[in-house]
Amino acid sequence: MSGIDEIYSKLSKSISKEEFVEKVNEKVEQMGGLCDEKTAAMLVAHDLGLNETGSSSQKIVDIKSDSGNVNLIAKVLSVFPIREFTRGDGTFGKVGNLLVADETGSIRITLWDDKADLINQGFIEISQNLQISGYVKEGYSGVEVNVGNNGMIAHTDEDIQVKNSSVKISEIKDGMGNINVIGRLLDISDTRTFNKKDGSKGRVGNITIGDDTGKIRITLWDDKTDKMTELHPGDAVEVINGYARENNFNQQVEIQIGNHGIVKKTETSVKYQENFTPISDIVPGESYSIQGSVSGLGEIREFNRDDGTVNMVSNIYVSDDTGRIRVAMWADHALLVDELDIDTPIQIIDAYAKSGFNEDIELSAGNRTRIIINP
DNA sequence: CCCCCCCC
């Protein structure tokens, strides 16, 4: 082993002796015994992106598509679920992705097979600091670092300052963590209480924010719901360290604010423009916002739901240049008919479209819908 | 981890 000791001495900051020796032995085997240990050690160092002067870590901003093998130290911002696939030769493969960042930027990491398994094994989690060795490739969404058999993922104690940049709402995808975003507060829900699995009471509430790229629902849990009483529609709101999840309710991606997340008022100015859909473009199965004027008014009706509770509904019609649609206004919204006349300008924001009475398309204005009269 | 899409 003396041949490899000399090489290892320059890499000792980046990899344990044990792991290095293991990789050297694997390399010798891979080469069918055609190279000696020292050569194998040099190849392993090369695979790991560690050159022999021992200067190891590359900054993310410097990683380019032709960087070859690289070694970087970065913080995990997001962990994406593993996918399994079948290769052309019939064997199974696994692939997983991370988003990591250092003080110079962020980059996507693609993990293959055993390395992808590290995600499921809980070895890789959001906010961890990792040392990563892999090879750079131009991926689907830009330059990424691939970590396969010859690569390495290790925990590191090194302190990493992450470039703290906020994202636009349209960039937020399922699975993202450490999300910082600024938006205009559009809507605040009531706080609901519910029973947790362990029998204790939980609290949950929602706000909706928008920026110039879209809008997104934010879910606040437990103590974080207290913050909602301090916020008002129109406020500029900053989210720090949220995480994105697709809800299992209507498959929309939302920002979750857990223990480590923050929501607060900020003085930044935020542009938001509601995106209204022409009435003739509405198809069932999605939420829409429309703007037009009242062209029909119904009565408030009370009814009993299957579970015995009483609810009320009123129906109105709204017209724009392209068409006319029925809008069912549920619960408190039903009372608005008393404030409406024919031709009253109105905006119905975030109402669900479905096929209703007589198979006509109608909008359902429930408790996630905002209705603005005389906007 | 929780939730309207219900009426005639």
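The analysis underlying the following values was restricted to heavy atoms, covering all of them including side chains, and did not include hydrogens, waters or symmetry mates. Per chain, numbering begins at 1; letters A, B, ... match sequence-line order.
As rounded to whole Å, 13 Å separates atom C1' of dC4(B) from atom CG of Asp187(A). The NE2-P distance, from His333(A) to dC7(B), rounds to 17 Å in whole Å. Going from atom CG of Asp360(A) over to atom C1' of dC8(B) covers 13 Å, rounded to whole Å. Protein atom CG of Asn311(A) is 10 Å distant from nucleotide atom P of dC7(B), rounded to whole Å. The distance between atom CG of Asn247(A) and atom P of dC5(B), rounded to the nearest whole Å, is 14 Å. Following rounding to the nearest Å, Phe357(A) (CZ) and dC7(B) (C1') show an atom-to-atom distance of 9 Å. As a whole-Å value, the separation of Lys197(A) NZ from dC2(B) C1' is 11 Å. If you take CZ of Phe249(A) and P of dC1(B), they are 14 Å apart, rounded to a whole angstrom.
With dC1(B), dC8(B), dC4(B) as the choices, the nucleotide that has an atom nearest any side-chain atom of Trp221(A) turns out to be dC1(B). Nearest to the side-chain atoms of Asn315(A) among the listed nucleotides dC5(B), dC7(B), dC4(B) stands dC7(B). Among the nucleotides dC4(B), dC6(B), dC8(B), the one closest to the side chain of Arg326(A) is dC8(B). Nearest to the side-chain atoms of Asn367(A) among the listed nucleotides dC2(B), dC7(B), dC4(B) stands dC4(B). When distances run from any side-chain atom of Phe303(A) to the nucleotides dC1(B), dC6(B), dC5(B), the shortest one goes to dC6(B).
The residue Asp306(A) sits apart from the nucleic acid: no heavy atom pair falls under 4.0 Å. Contacts of Asn206(A) with the nucleic acid, taken as non-hydrogen atoms under 4.0 Å apart, are absent. Note on Glu254(A): a base of the nucleic acid sits closer than 4.0 angstrom, heavy atoms only. Looking at heavy-atom distances under 4.0 Å, Arg245(A) makes no contact with the nucleic acid at all. Base engagement by Thr219(A) is indicated by at least one non-hydrogen atom pair under 4.0 Å involving a base atom. Residue contacts shown for Ala328(A) include a base, since a base heavy atom lies under 4.0 Å away. Across all strands shown, Gln256(A) has heavy atoms under 4.0 Å from base atoms, whether or not it also approaches the sugar-phosphate.
A donor-acceptor contact under 3.5 Å is not formed by the side chain of Arg305(A) with the base of dC4(B). Evaluation of atom-type donor-acceptor distances gives no pair under 3.5 Å for the side chain of Glu299(A) against the base of dC7(B).
Using a 4.5 Å cut-off between side-chain heavy atoms of Ile, Leu, Val, Met, Phe, Trp and Tyr, with links allowed through other members, Val204(A) and Leu220(A) fall into different hydrophobic clusters.
Between Phe194(A) and Val313(A), the residue whose closest nucleotide on DNA chain B is further toward the 5' end is Phe194(A).
Thr156(A) and Asn129(A) form no side-chain donor-acceptor contact under 3.5 Å, judged by distance and modelled atom types alone. Residues Asn275(A) and Gln273(A) bring no donor and acceptor atom of their side chains to less than 3.5 Å of each other.
Taking the six-membered ring for Trp and thresholds of 30 and 60 degrees, His155(A) and Phe123(A) have nearly parallel ring planes, at less than 30 degrees apart.
Between Lys196(A) and dC2(B) there is no side-chain N or O to OP1 or OP2 distance below 4.0 Å.
Residue Phe85(A) qualifies as enclosed at atom CZ: its count of foreign heavy atoms under 6.0 Å is above 12.
Stacking here means ring centres nearer than 5.5 Å and ring planes tilted less than 30 degrees, and by that measure Trp330(A) stacks onto dC6(B).
In this structure, Arg184(A) fails the cation-pi test against Tyr272(A), since its NZ or CZ atom is not both closer than 6.0 Å to the six-membered ring centre and inside 45 degrees of the ring normal.
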